[in-house]
Amino acid sequence: QVQLVESGGGLVQTGGSLRLSCAASGRTLGRSTIGWFRQGPARAREFVAAISWASGNSYYADSVKGRFTITRDNTKNMVYLQMDSLQIDDTAVYSCAATTVAYGLAIRASNSYNYWGQGTQVTVSS
């Protein structure tokens, strides 16, 4: 089982930056992949980025590649999502999630994840 708590959301202007944090705990954390998903107004939940806890390999949605960076700190059991060059379309509730069973392309699917945090709001204004 994995427990997740997000923080770091807020209001930022277009072109600005935010860093989201996901505090993770649980006995299966070491073999988990941690993902970030987002759901904007009247939009379906979409994959943003993911990182393997064991290897540190990272994966990104095309819409955020080059602007967002996912990292993990094994010593603090934290996963971070650094978001730069934020755009209006990045406005959403961002949630971190954990899966111990998904690999490859499946890590981009929200239904592959069995543990979720409560979410944090990110609002980008012009």
Side-chain angles (χ1 to χ4, degrees):
Q1 196 167 4
V2 179
Q3 294 79 42
L4 304 163
V5 179
E6 304 96 333
S7 61
L11 175 65
V12 64
Q13 289 188 321
T14 303
S17 298
L18 277 177
R19 188 178 79 158
L20 304 183
S21 300
C22 177
S25 62
R27 58 187 179 88
T28 58
L29 185 59
R31 52 184 178 90
S32 297
T33 293
I34 306 297
W36 283 97
F37 290 81
R38 66 185 182 186
Q39 186 164 16
R43 291 163 59 181
R45 179 180 284 169
E46 62 174 342
F47 171 77
V48 176
I51 190 165
S52 165
W53 194 268
S55 68
N57 290 339
S58 57
Y59 312 87
Y60 296 92
D62 287 344
S63 59
V64 307
K65 199 173 295 183
R67 300 189 298 124
F68 290 11
T69 304
I70 188 170
T71 58
R72 59 121 170 64
D73 185 336
N74 289 9
T75 64
K76 298 180 180 178
N77 283 1
M78 296 291 293
V79 174
Y80 303 102
L81 184 68
Q82 177 67 40
M83 306 186 295
D84 299 319
S85 302
L86 283 162
Q87 304 165 2
I88 299 288
D89 285 350
D90 294 318
T91 295
V93 174
Y94 285 72
S95 300
C96 64
T99 177
T100 57
V101 299
Y103 300 92
L105 290 177
I107 66 169
R108 298 173 182 267
S110 61
N111 60 9
S112 296
Y113 291 75
N114 38 359
Y115 304 106
W116 290 83
Q118 82 286 356
T120 186
Q121 176 70 46
V122 172
T123 303
V124 184
S125 65
S126 59

Q | Approximate separation, where rounding is to 0.5 Å, of S7 OG and M78 CE | A | 5.5 Å

Q.
With rounding to the nearest 0.5 angstrom, report the CD to CG distance, Q121 to L11.
A. 9.5 Å

Q: Can you sort out the partners of Q39 under side-chain contact (heavy atoms from CB on, under 4.5 Å), two or more places apart, ordered by chain and number?
A: R45

Q) Does the side chain of M83 come within less than 4.5 Å of D90's, by heavy atoms? A) no

Q: Looking only at non-hydrogen atoms, find the nearest pair between T91 and V124 and report the distance.
A: OG1-N, 2.9 Å

Q: May I have all residue pairs that pass salt bridge (Lys or Arg N to Asp or Glu O under 4.0 Å) and include part of residues 70-88, sequence neighbours excluded?
A: none

(Q) How close do I70 and S58 get, counting heavy atoms only, and between which atoms? (A) CG2-CB, 3.6 Å

Q. More than 12 foreign heavy atoms under 6.0 Å from CD of Q118: is that the case here?
A. yes

Q | Inter-residue atom distance Q1.CD - S32.OG, 0.5 Å rounding | A | 11.0 Å

Q: Give the cluster check for V79 versus L29: same hydrophobic cluster or not, with ILVMFWY residues linked at side-chain heavy-atom distances below 4.5 Å.
A: yes

Q: Decide yes or no on side chain to side chain contact (heavy atoms under 4.5 Å, CB included) for L20 and R38, but give the supporting numbers first.
A: CA-CA 12 Å; L20 304 183; R38 66 185 182 186; over 6 Å; no

**Q.** Qualifying ring pair (Phe, Tyr, Trp, His ring centres under 6.0 Å) pairs with a residue from residues 50-109, counting only residues at least two apart or across chains
**A.** none

Q) Has the side chain of S52 got a donor or acceptor atom that lies under 3.5 Å from a matching backbone atom of T33? A) no

**Q.** Closest non-hydrogen atom pair, A98 against V2
**A.** CB-CG1, 3.9 Å

Q) Roughly how far, to the nearest 0.5 Å, is CD of Q3 from CZ of R27? A) 10.0 Å

Q. Quick one: does T99's side chain have a donor or acceptor within less than 3.5 Å of a partner on S112's backbone?
A. yes

Q) Any donor and acceptor pair, going by atom type alone, linking the side chain of S95 with main-chain N or O of G117 inside 3.5 Å? A) no

Q) Are L81 and L4 connected, step by step, through hydrophobic side chains (Ile, Leu, Val, Met, Phe, Trp, Tyr) whose heavy atoms are closer than 4.5 Å? A) yes

Q.
With disulfide bond (SG atoms under 2.5 Å apart) as the rule and sequence neighbours excluded, what pairs involving residues 17-112 come up?
A. C22-C96

Q | Selection residues 23-78 - residue pairs positive for disulfide bond (SG atoms under 2.5 Å apart), sequence neighbours left out | A | none

Q | ring pair (Phe, Tyr, Trp, His ring centres under 6.0 Å) pairs, two or more places apart, involving residues 25-48 | A | F37-F47, F37-Y113, F37-W116

Q: To the nearest 0.5 Å, tell me how far T14 OG1 sits from I88 CD1.
A: 3.5 Å

Q) When clusters are formed by joining ILVMFWY residues with side-chain heavy atoms under 4.5 Å apart, either directly or through shared neighbours, do Y115 and I34 land in the same one? A) yes

Q.
Working to the nearest 0.5 angstrom, can you tell me the gap between D89 CG and R43 CZ?
A. 5.5 Å

(Q) Please check: side-chain N/O of Q82 versus main-chain N/O of R19, any donor-acceptor pairing under 3.5 Å? (A) no

